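What you see is a predicted model; the values in this text were computed from it and never measured.
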Amino acid sequence: NRTLIDAQKAPLQLALAEKPWLVKINRQEAAAMLNLPATADSATLCAMLQQAGAENAIVTDGAEGATLAESTGAVWHIASPPDLAIINPICSGDAMNAGILTGMEQGMPLPEATRLGVACAAANCLTPTSGVVDPKNVSPLLEKVAITPKKLA
């Protein structure tokens, strides 16, 4: 079974002990839990989450996008669409989770599912209501979500 964990502090530590399939957390939360500065490299944060028990790890960084570290050792930067006219970013993390899980359900590899998740998070930002993703916005945004290999710092 695959479990996606989006938690912080004690709940995240408890979840990591169970070796979850995927942990997705923002940069500030990851750095705080790992006792590192918020400026720590996102690939390093992902690697440390994996060392703590996550099979795969994603560290999000708002408009900068996300870093994905896979169990295969591959590390990816998934950039948010450029020039996004943000109206309301609240619940973008939840929208990203939904996109990742939808992509996985559709048979996408994790990096592509994460691209879909970033596009869904961006689509959430375009509406005034938190947690609303208009499907017609996702495809054009997905075309603008760049994914590139990343090296550990």
Do the side chains of [Y] and [X] get nearer than 4.5 Å, heavy atoms only?
{"X": "K150", "Y": "S42", "result": "yes"}
{"X": "S80", "Y": "V118", "result": "yes"}
{"X": "L36", "Y": "M48", "result": "yes"}
{"X": "V138", "Y": "L116", "result": "yes"}
{"X": "C46", "Y": "V75", "result": "no"}

Closest heavy-atom pair and its distance - [X], [Y]:
{"X": "C91", "Y": "G131", "answer": "CB-N, 3.4 Å"}
{"X": "P20", "Y": "A15", "answer": "CD-O, 3.2 Å"}
{"X": "C125", "Y": "S92", "answer": "SG-OG, 3.3 Å"}
{"X": "Q8", "Y": "P11", "answer": "O-CD, 3.0 Å"}

Taking atom [atom1] of [X] and atom [atom2] of [Y], what is their separation to the nearest 0.5 Å?
{"X": "E29", "Y": "L45", "atom1": "CD", "atom2": "CG", "answer": "11.5 Å"}
{"X": "L126", "Y": "L84", "atom1": "CG", "atom2": "CG", "answer": "5.0 Å"}
{"X": "R27", "Y": "T60", "atom1": "CZ", "atom2": "OG1", "answer": "9.0 Å"}
{"X": "D94", "Y": "D6", "atom1": "CG", "atom2": "CG", "answer": "6.5 Å"}
{"X": "L110", "Y": "L22", "atom1": "CG", "atom2": "CG", "answer": "6.0 Å"}
{"X": "L49", "Y": "M33", "atom1": "CG", "atom2": "CE", "answer": "5.5 Å"}

Establish whether [X] and [Y] are linked, either directly or via other cluster members, by ILVMFWY side-chain heavy-atom contacts under 4.5 Å.
{"X": "V59", "Y": "L4", "value": "no"}
{"X": "I100", "Y": "V133", "value": "no"}
{"X": "V23", "Y": "L34", "value": "yes"}

Practice problem: Might you work through the side chain to side chain contact (heavy atoms under 4.5 Å, CB included) test for M96 and I58, ending with a clear yes or no? | Solution: CA-CA 11 Å; M96 183 174 177; I58 297 172; 3.9 Å; yes
Donor-acceptor pair, distance only, cut-off 3.5 Å: does the side chain of [X] make one with the backbone of [Y]?
{"X": "N56", "Y": "W21", "answer": "yes"}
{"X": "D61", "Y": "E64", "answer": "no"}
{"X": "N124", "Y": "S130", "answer": "no"}
{"X": "Q50", "Y": "E70", "answer": "yes"}

Quiz item: Can you tell which of I78, L141, L68 makes a side-chain contact (heavy atoms from CB on, under 4.5 Å) with R115?
Solution: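 Going through the options one by one, the only one that passes is I78.
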Exercise. Compute whether any side-chain donor of one residue and acceptor of the other, for N88 and T129, lie under 3.5 angstrom apart.
Key: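 No, no side-chain donor-acceptor pair sits under 3.5 Å.
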